[in-house]
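Note that the structure is a prediction, hence the values are computed from the model and not measured. Reminder, nothing fancy here: chain letters follow the sequence lines and each chain counts from 1.
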Amino acid sequence: MKTELDAAIEAAVKELFGVEVKVELTRPDEQFGDYATNVALRLASKLDKPPREIAETLAQHVKDRISHMKEVSVAGPGFLNITLIDEALLKLAESEPVQNYKGQQILVEFGDPNPLKAMHLGHLYTTVVGDAICRLFEVAGADVKRLSYHGDVGMHVAKAVWAIGEQISWDTDRLQDLEADEIRIDGQKLTIKTVIGYLYAKGAQAYEEEGHAAEQIRAINKSIYAKDQADVNKIYDWGVKRSFAYFDLVFKELSVNYDKRYLESESSPIGLESVQKHLGKVFEKSEGAIVYKGEKKGLHTRVFVNSEGLPTYEAKDLGLTELKKRDFPNAGKSIIITATEQTEYFRVMLAALSEFDAELAAKTVHMAHGFLSLTSGKMSSRTGKVHQAQELLDDTQEAVKQAYPDSKVQCEVYLAAVKYTFLKNRIGGDIVFDVQESVTLEGNSGPYLQYALARANSILKKSQIPNPKSQIDSLEPDERSLLRKLGEYAETVEKAVDELMPHHIAIYLYELAQKFNSFYEHNRVIGDAREEIRLSLVQKYADTLKNGLETLGVPAPESM
RNA sequence: GCGCCUGUAGCUCAGUGGAUUAGAGCGUUGGUUUCCGGUACCAAAGGUCGGGGGUUCGAGUCCCUCCAGGCGUACCA
């Protein structure tokens, strides 16, 4: 409906002044009205008339011709402030977001933890953000395919295999020891969720110290490719299997459902072939390696195939774009979500791709997000360097148990705490996670929203009126204010989809919940003379909040 | 050195080229309970929007420059 109003004002401008102008209504402070536009100011120089005069003319015209308008006033240098009739607010509150991606298939790659390595904070963040982006596309009508990509070969794998081997004295029957509920290594209490990450870190440290261990690790790396050592094969297979089993557990808990998983061992040969095929035209030899000279496009040179003839990450990623194209030839858009550190890298990779498959390169978009850190700043006790994802999840879960000891939905609450904290920030900047703040009901948190929903549900359950009808004649100020906020939902979702920024929805939901809590505090619903109308508002509010939380992937339980 | 990103209240963050007063939350100070879940609500204090120029009738927002921090910058992923 908002777009109809935009168009109506555009038409009015054209009729009055004979000028084509794009009008986008904005949401001003509530005291000024429901919508505002600065179109008169933008027209002033074009028409060579004072902006206030244009505004006055337009205001009168618009008020008379366009329905839904209760009041159109001119303010300041020439703003048009529009107050809608209550029926129009109701219509807005009932409107659905426009589906700009209807029928389009969209690929989104995100998450990407590597087997035989820890799943760390960054993986957790990128997984939640990536899933939220997917949900935005889905709300906009797209057929979304969630993809992940994992490094299943390479030195990191060898380091972990070495450390696991040492831990079990290369007796592969003892691998089952590492599947116990509680595993004690070096005085650390570990679980199947954290043991591989811990051992990887041990292997990585041993490798850095050079010496005998490093030699062995290099030998293991070769064996993994050659598959010529039974014990290495066994540990590798076990490690990959256990890693994915753990990742799947986390993804399931986060309600993230991937459609397809790609492995580096698959993309590697395809990428290599692709680079060799375009050698001389796109890529060139330099110092024994095959590189792409990004300087011709204002970028920098990157190695695609190293001097040993092995594909680097660049070539593998090139191979991955090809794999995705084979699997999903009709995809209209392919998005890759990673941390910002890879921004320049992707520019070069896509620049190279554009030279031999411009169409695919044009469809492929890299999206970068910032880094996630913890307020405590403490070093991880388990890896010594980076925090494993599981630590944040465990800590938050523990905090929820303490804060809500009697809740029957502790799992939903802790997931809301984690996800909402991630999603309320604009994607791109670094974010700081504070466990206590994420869990609290005092402030802008996931649990606050869940509580605000639970209170509304509680009212709805207690009322004797089964299907409250919305009679919107003569709303009281608090009622109107709530309805006005509800009417912003559809356009907020549209904006979030348009910019691929879920935080717009997160912030809106918080404002909505505040509006409701304030309404709740000052207005009785059950037993009041206005019960039916108020109940209908509460119902709309609960529906909107629930829908919004689900759009973000945040659980929305009935009660807490 | 070069490239990209970031810099808004003590802290964590929103902010669409315009309207007296740049907004939230936490923290601080002070209030509210014959009530549908008070884990809530109401209010106050707290800002030269990193500095300096410029464009404009108007800049947190656009341009230039400087400062500070982060990331990247050829064989890691």
Rounded to the nearest 0.5 Å, what separates atom CG in Leu482(A) from atom CG in Leu512(A)?
6.5 Å
Taking atom P in both G15(B) and A24(B), what distance in whole Å separates the two?
15 Å
Out of A14(B), U12(B), G38(B), which has the shortest distance to the side chain of Arg426(A)?
A14(B)
Answer whether the closest heavy-atom distance between the side chains of Glu314(A) and Tyr292(A) falls below 4.5 Å.
no
Check every atom of G38(B), G15(B), C36(B) against the side chain of Ile459(A) and return the nucleotide holding the closest atom.
C36(B)
Taking atom CG of Leu92(A) and atom OH of Tyr35(A), what is their separation to the nearest 0.5 Å?
4.5 Å
Under a 3.5 Å limit for both distances, which nucleotide forms a Watson-Crick or G-U wobble pair with G72(B), could you say?
C2(B)
Do we see a donor-acceptor contact under 3.5 Å between the side chains of Gln539(A) and Asp543(A)?
yes
If I pick the C1' atom on C67(B) and the same atom on U28(B), what distance separates them, to the nearest angstrom?
32 Å
Considering only the C1' atoms, how many Å lie between A43(B) and U21(B), rounded to the nearest integer?
16 Å
Among A19(B), C13(B), C4(B), the one nearest Pro77(A) by side-chain distance
A19(B)
Aromatic stack Phe79(A)/A19(B): centroid gap under 5.5 Å, interplanar angle under 30°:
yes
Determine the interatomic distance between P on U56(B) and the same-named atom on G47(B); round to the nearest Å.
33 Å
Pairwise distance CD(Glu109(A)) to NZ(Lys324(A)) - rounded to 0.5 angstrom
3.5 Å
Centroid-centroid under 6.0 Å between Phe244(A) and Phe247(A) rings:
yes
Measuring from Lys461(A):NZ to Glu558(A):CD, what's the distance to the nearest 0.5 Å?
6.0 Å
Identify whether any heavy atom of Thr26(A) sits under 4.0 Å from a base atom; if not, whether one sits that close to sugar-phosphate; answer base, sugar-phosphate or nothing.
base
Hey, which of Glu532(A), Arg534(A), Glu531(A) is the one that makes side chain to side chain donor-acceptor pair (under 3.5 Å) with Ser463(A)?
Glu531(A)
Approximate separation, where rounding is to 0.5 Å, of Leu350(A) CG and Glu355(A) CD:
12.0 Å
When you compare C4(B) with C62(B), how far apart are their P atoms, in angstrom units rounded to a whole number?
15 Å
Tell me what Val432(A) touches on the nucleic acid: a base, only sugar-phosphate, or nothing, going by heavy atoms under 4.0 Å.
sugar-phosphate
What's the NE2-P distance between His504(A) and U16(B), to the nearest Å?
8 Å
Give me the residues of residues 491-498 of chain A where at least one heavy atom lies under 4.0 Å from an atom of RNA chain B, by number, or none.
none
Hey, would you say the Tyr262(A) and Tyr149(A) ring centroids sit under 6.0 Å apart?
no
Gap in Å between the two P atoms, one belonging to C64(B) and one to G46(B), rounded:
36 Å
Dump every N/O contact between nucleotides 20-23 of chain B and the protein below 3.5 Å, one line per pair.
from: U20(B); atom 1: O4; to: Gln31(A); atom 2: OE1; distance (Å): 2.9
from: U20(B); atom 1: O4; to: Gln31(A); atom 2: NE2; distance (Å): 3.2

Any-strand Watson-Crick or G-U partner of A59(B), both distances under 3.5 Å
none
So what does Ser559(A) touch, heavy atoms closer than 4.0 Å: a base, only the sugar-phosphate, or nothing?
base
Restricting to nitrogen or oxygen on both sides, can you table the protein-nucleotides 25-28 of chain B pairs closer than 3.5 Å?
from: G25(B); atom 1: OP1; to: Gln514(A); atom 2: NE2; distance (Å): 3.3
from: G25(B); atom 1: O2'; to: Asn444(A); atom 2: N; distance (Å): 3.3

Given 3.5 Å as the limit, does a donor-acceptor pair link the side chain of Arg42(A) with the main chain of Lys22(A), or not?
yes
Output all residues satisfying ring pair (Phe, Tyr, Trp, His ring centres under 6.0 Å) with Tyr508(A), sequence neighbours left out; order by chain, then residue number.
Tyr489(A)
Please say which of Lys202(A), Arg218(A), Lys159(A) ends up in a side chain to side chain donor-acceptor pair (under 3.5 Å) with Tyr207(A).
Arg218(A)
Could you tell me whether Ile507(A) contacts a base, only the sugar-phosphate backbone, or nothing, with contacts defined as non-hydrogen atoms closer than 4.0 Å?
sugar-phosphate
dist Leu263(A):CG -> His150(A):NE2 (nearest 0.5 Å) comes out at 7.0 Å
How is Asn517(A) classified with respect to the nucleic acid when contacts are heavy atoms under 4.0 Å: base, sugar-phosphate, or nothing?
sugar-phosphate
Would you please indicate yes or no on a ring centroid separation below 6.0 angstrom for Phe371(A) and Tyr125(A)?
no
Letter by letter from the 5' end, nucleotides 72-77 of chain B scores (B base, S sugar-phosphate only, - none; protein heavy atoms under 4.0 Å) SSBB-B
Over how many whole Å does the gap from Leu374(A) atom CG to U12(B) atom C1' extend?
14 Å
Could you give the distance separating G17(B) and U61(B) at their P atoms, to the nearest angstrom?
11 Å
Answer yes or no: is there a donor N or O on one side and an acceptor on the other, between the side chain of Ser481(A) and the main chain of Asp478(A), under 3.5 Å?
no
Quick one: which of A14(B), G18(B), C42(B) gets closest to the side chain of His522(A)?
C42(B)
For the residue pair Phe433(A) and Phe422(A), categorise the inter-ring angle as parallel (less than 30°), tilted (30 to 60°) or perpendicular (more than 60°).
perpendicular
Between Gly527(A) and Phe371(A), whichever has its closest RNA chain B nucleotide further toward 5' is Gly527(A)
Kindly state which residues belonging to residues 400-415 of chain A come within less than 4.0 angstrom of RNA chain B, counting heavy atoms of the residue only, listed by number.
Tyr404(A)
In the strands shown, is A9(B) matched to any nucleotide by a Watson-Crick or G-U wobble pair with both distances under 3.5 Å, and which?
none
Using both distances under 3.5 Å as the test, list the Watson-Crick or G-U wobble partner of C49(B), or none.
none
Spacing of Leu423(A) atom CG relative to A14(B) atom P, expressed in whole Å:
12 Å
For the residue pair Thr57(A) and Glu53(A), what are the closest heavy atoms and their distance?
OG1-O, 2.8 Å
Any non-hydrogen side-chain atom of Thr127(A) less than 4.5 Å from a side-chain atom of Phe110(A)?
yes
Pick base, sugar-phosphate or nothing for Asn523(A), based on heavy-atom distances below 4.0 Å to the nucleic acid.
base
Inter-nucleotide P distance (G10(B), U6(B)), Å rounded
22 Å
